[in-house]
Structure formats: structure tokens, C-alpha cells
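Since this is a predicted model, take the numbers as computed values, not measurements.
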Amino acid sequence: MTKNKHVSFIIPHKGREEMLIQTVSSILNQSGEQATYEIIVVSQNKSSNELSKLAEQHSNVVISFQEESLTISALRNVGAAQSTGEYLAFLDADIELSQNWLNAMLSTIDEQDNCVLASAAQINSPTAPPLEKIRTALSNADLDCNVSFLPGRNLFLSRETFEKVNGFPEHLITCEDYYFTDQVNQLGNLYYTSAATYVHLGEDKKYKEMYKKEIWRGQSNLQSISGRNIPLREIPSFIIPIALPILLIIFISALFTSNIEIAILALCSFLLPFALYSVRLYKLVRKETSFWRVLQFYVTYFPARVIGTLAGLFKSFSNSGVK
């Protein structure tokens, strides 16, 4: 591997600094000398006291303050425009990287066949509750292989690849990573590797928090379809939020009209996604949590996605922080 490659870490940020500082610190603690790097934090805060102290101590830490109206995609694109690296590493502001992350990403891009985008595997925090374990298992359903999608929490690619797809889609408030990684996937392979890991510091740990976030996350669900290829496995994520309320209305209407057969059919169809998804997920997490926790996950997840997807057609939701 060629030494002294230059990498730009780009981190969009809004809100509290605690997890951001952990994110930046995990970059500063990267081992090895495979590359030089800079860290560009694109913040929507008016000031950043703790990060400013880090920037004073490390000349490769740069803070770029931007207006609050920009989407997370726009923040990432601003950071990329200000960066100088031949490689770009996009991180969320609540990601703690393993010490070998940078070396592993460079190796993955170099060594995997036609790899144009790489991402590390998620691991649980030391005190992970059941919900975090479920989230981690979902992230790692396909590992050490080429995939059709990578979450925007930690992405590594060359500047050349980034420029070929014209950056992140600034018209999307959420689901921008689906759109972006699909565009990159048309240029080559996306590889999800266990050679390096990260802890998602801001991972959902309580179901109430998850419910609110999934409403926010779902608002660009349907808008993200335009302009990209939709893998077969992703189609249910668009159909279910539309089908569930329709089936519920049919069920209630059938009860009022005493049409029991239609009511039973509608109810079974309504419950089917909860059952199928829960069984599939339980196979991934049964050594770590119970089936009832898994069922609770989807009983919370699907209603929130319905609300976010449908309401997102008419309005935008704000979020307290960029995740």
C-alpha cells in the first residue's frame, strides 16, 4: 500500500458536543502511519467551545460554521468542498471508531475487487440495552461482503468517486445515504467489512426515543425513490408504510359492516409484516435478546415509519441534532 495518502474526515454536526468530541478523539487516536489526515467539522451550532479547544491543540482539526437551514447532505458537500484529501471519510457526529479504522478502510478500498465505497461494522457499546443490540444486529445482517446499501454513519471513498456522483443529494432531508450509496454503487462495489468497527454513540436505547427518530427518518422515504435503482429487498420499506393504514381502515370498516371474512383477512394482512420481520430479526439476535423485545421493536418502528412517510409528503420535521 502506498504510504502518506491524505484523507479528509468530514463530520456534519448540530446540537450537543459530548459525542462529537468522542468522535473527533477517536480519529485523533488512529494507529499507524498509512496516511495523513484532516478533520473538518461542519457545525450548525453558533459556537463550539470544547471542539475549539481541540482545534487549538491540533492544527488538522478545522471547524466550519454553517447556517441552520442546510440539510445534512449540504453540510457534507460543504465539508468536501473545503477539504484537501484524495480520500473522503464521512462520519456522523456520534461515531467512535476503532483505532485501526483508517488503515482498514484504505486496505479495503485497495484490496477488494472494484471497491469504490467502504464501511466498518457496528459493535455494541459496553452497556448496550436490548434496543441497541437489535439495531447493531440489523446493521450487521450482511458482513464482509458487497452490499447494495451502506448507512451514512461511516463512509470511506476517493474524492474522484465522490465527484463523479456529484456529492450528496441536498434536496433530501433524510434517506440521503440510500440515494448517495446507490449512485456510488453504479460505479463499483460497496463493501461492508469487519476489519474495523465503530460504536454508534447516539444509537437508540429507548423505544420512545426511537419512535420520535423514526418519524423524522421516514419523512424522505418516498422522495428518495426518484433518480435511483430500488433493490428488490428495499421495496417493502415503501409499500408497508402505505399498506398498513389502508389495511387498518379496511379492518375497521369491515367490522362496522359485519363483514367478518374481510375483517379477518385485513387483520391477518396487517399483522403479517410484524410477524415476518420479527421472526427474521430474532434469528439474528436470539442469543442476545428475547423475541418479545424484537416484537416490541417492530410494534414501535412500523407505526413511526407510517407517520413519518405519510406526513413527509406534506411537511418537513426538524431534528434536534444531525445523526
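In this structure the side chain of Tyr192 never reaches within 4.5 angstrom of the side chain of Cys145, judged on heavy atoms. Counting only heavy atoms from C-beta outward, the side chains of Phe270 and Leu244 approach each other to under 4.5 Å. Using a 4.5 Å heavy-atom threshold, the side chains of Ile11 and Ile27 count as touching. The closest side-chain heavy-atom distance from Val294 to Thr289 is below 4.5 Å. For the pair Thr36/Val7, no side-chain contact is recorded, criterion being any heavy-atom separation below 4.5 Å from C-beta on. Contact check for Ser52 versus Ile63: side-chain heavy atoms found under the 4.5 Å cut-off. Between Ser48 and Val41, every side-chain heavy-atom pair lies at or beyond the 4.5 Å cut-off. No side-chain heavy atom of Pro273 sits less than 4.5 Å from a side-chain heavy atom of Tyr298.
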Checklist entry - side chain to side chain donor-acceptor pair (under 3.5 Å) between Ser125 and Glu203: does it pass, once the steps are laid out? => result CA-CA 9 Å; Ser125 63; Glu203 187 60 271; over 6 Å; no
Checklist entry - For His13 and Leu75, what are the C-alpha separation, side-chain angles and deciding distance, and is it a side-chain contact (heavy atoms from CB on, under 4.5 Å)? => result CA-CA 8 Å; His13 168 254; Leu75 296 179; over 6 Å; no
Checklist entry - Can you check side chain to side chain donor-acceptor pair (under 3.5 Å) on Ser31 and Asn100, steps first, answer last? => result CA-CA 6 Å; Ser31 59; Asn100 70 329; over 6 Å; no
Next on the checklist: Set out, in order, the CA-CA distance, both residues' side-chain angles and the distance that settles ring-ring contact (aromatic ring centres under 6.0 Å, His included) for Tyr301 and Tyr277, then state yes or no.
Outcome noted: CA-CA 11 Å; Tyr301 175 86; Tyr277 275 77; 8.1 Å; no
Next on the checklist: With side-chain contact (heavy atoms from CB on, under 4.5 Å) as the criterion, how do Val285 and Lys133 come out once you've worked through the C-alpha distance, each side chain's angles and the decisive distance to 0.1 Å?
Outcome noted: CA-CA 7 Å; Val285 299; Lys133 293 177 180 178; 5.8 Å; no
Next on the checklist: Test side-chain contact (heavy atoms from CB on, under 4.5 Å) on Leu172 and Tyr178; report intermediate values, then the result.
Outcome noted: CA-CA 10 Å; Leu172 294 178; Tyr178 283 91; over 6 Å; no
Next on the checklist: Apply side-chain contact (heavy atoms from CB on, under 4.5 Å) to residues Leu150 and Phe156 and explain how you reach the verdict.
Outcome noted: CA-CA 10 Å; Leu150 285 171; Phe156 188 86; over 6 Å; no
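Exactly one of Ile123, Asn154, Asn140 qualifies for a side chain to side chain contact (heavy atoms under 4.5 Å, CB included) with Thr197. That residue is Ile123. Looking at Tyr198, Tyr37, Phe9 one by one, the single match for ring pair (Phe, Tyr, Trp, His ring centres under 6.0 Å) with Trp101 turns out to be Phe9.
Atom-to-atom distance recorded for Ser158:OG and Leu187:CG is 9.0 Å, nearest 0.5 angstrom. Separation of atoms NE2 (His200) and CZ (Arg135) is listed at 9.0 Å; rounding is to 0.5 Å. Note that CD1 of Ile239 is 12.5 Å distant from OG1 of Thr309, once rounded to the nearest 0.5 Å. Atom CE of Met105 sits about 12.0 Å away from atom CG of Asp110, to the nearest 0.5 Å. For the atom pair CZ of Phe251 and CD1 of Ile262, the computed distance is 12.5 Å after rounding to the nearest 0.5 Å. Atom NZ in Lys53 sits 9.5 Å away from atom CD1 in Ile21 (nearest 0.5 Å).
Annotation: Lys205, atom NZ; neighbour count of heavy atoms from other residues, nucleotides and ligands within 6.0 Å is above 12. More than 12 heavy atoms of other residues, nucleotides or ligands sit less than 6.0 Å from atom CG of Asn114.
One hydrophobic cluster, built from ILVMFWY side chains closer than 4.5 Å, holds both Leu28 and Leu102. Following chains of ILVMFWY side-chain contacts shorter than 4.5 Å, one can reach Phe238 starting from Ile242, so the two form part of one hydrophobic cluster. Cluster membership for Leu276 and Val279, using ILVMFWY side-chain heavy atoms within less than 4.5 angstrom, is not shared. Taken together through direct or relayed side-chain contacts under 4.5 Å among Ile, Leu, Val, Met, Phe, Trp and Tyr, Leu271 and Leu295 form part of one hydrophobic cluster. Tyr191 and Leu155 end up in different hydrophobic clusters when Ile, Leu, Val, Met, Phe, Trp and Tyr side chains are linked at under 4.5 Å.
When all heavy atoms of Glu288 and Asn124 are compared, the pair lying nearest together is OE2-ND2, 3.4 Å. Nearest heavy atom pair, residue Ala35 against residue Leu106, reads CB-CD1, 3.8 Å. Residue Leu281 comes nearest to Phe297 through the heavy atom pair CD2-CD2, 4.0 Å, listed as atom of the first residue, atom of the second, then distance. Of all non-hydrogen atoms in Ser64 and Val78, the two that sit nearest each other are OG-CG1, 4.3 Å. Here the shortest heavy-atom pairing between Ala263 and Leu255 reads CB-CD2, 4.0 Å. The heavy-atom pair separating Val147 from Asp142 by the smallest distance is CG1-CB, 4.0 Å.
A donor-acceptor pair under 3.5 Å is absent between the side-chain atoms of Ser278 and the main chain of Ala275, judged by distance alone. Remark: side-chain polar atoms of Glu176 are not paired, donor with acceptor, to backbone N or O of Ser73 under 3.5 angstrom. Thr257 places a side-chain N or O within 3.5 Å of a backbone atom of Ala254 that can act as its donor or acceptor partner. Proximity of a side-chain donor or acceptor of Glu17 to a complementary backbone N or O of Glu50 within less than 3.5 Å is detected. Between the side chain of Glu38 and the backbone N or O of Ser8 there is no donor-acceptor pair closer than 3.5 Å. Distance alone, capped at 3.5 Å, places no donor-acceptor pair between the Gln66 side chain and the Val42 backbone. A donor-acceptor distance shorter than 3.5 angstrom exists from the side chain of Asn77 to the backbone of Phe168, with no hydrogens or angles considered. Checked by atom type and distance alone, the side chain of Asn45 pairs as donor or acceptor with a backbone atom of Gly15 at under 3.5 Å. In this structure, the side chain of Arg159 engages the main chain of Ala80 through a donor-acceptor pair within 3.5 Å. Panel note: side chain Glu160, backbone Tyr87; no donor-acceptor pair is recorded below 3.5 Å.
In this structure, Glu214 pairs ionically with Arg217, as a charged nitrogen and a carboxylate oxygen lie closer than 4.0 Å.
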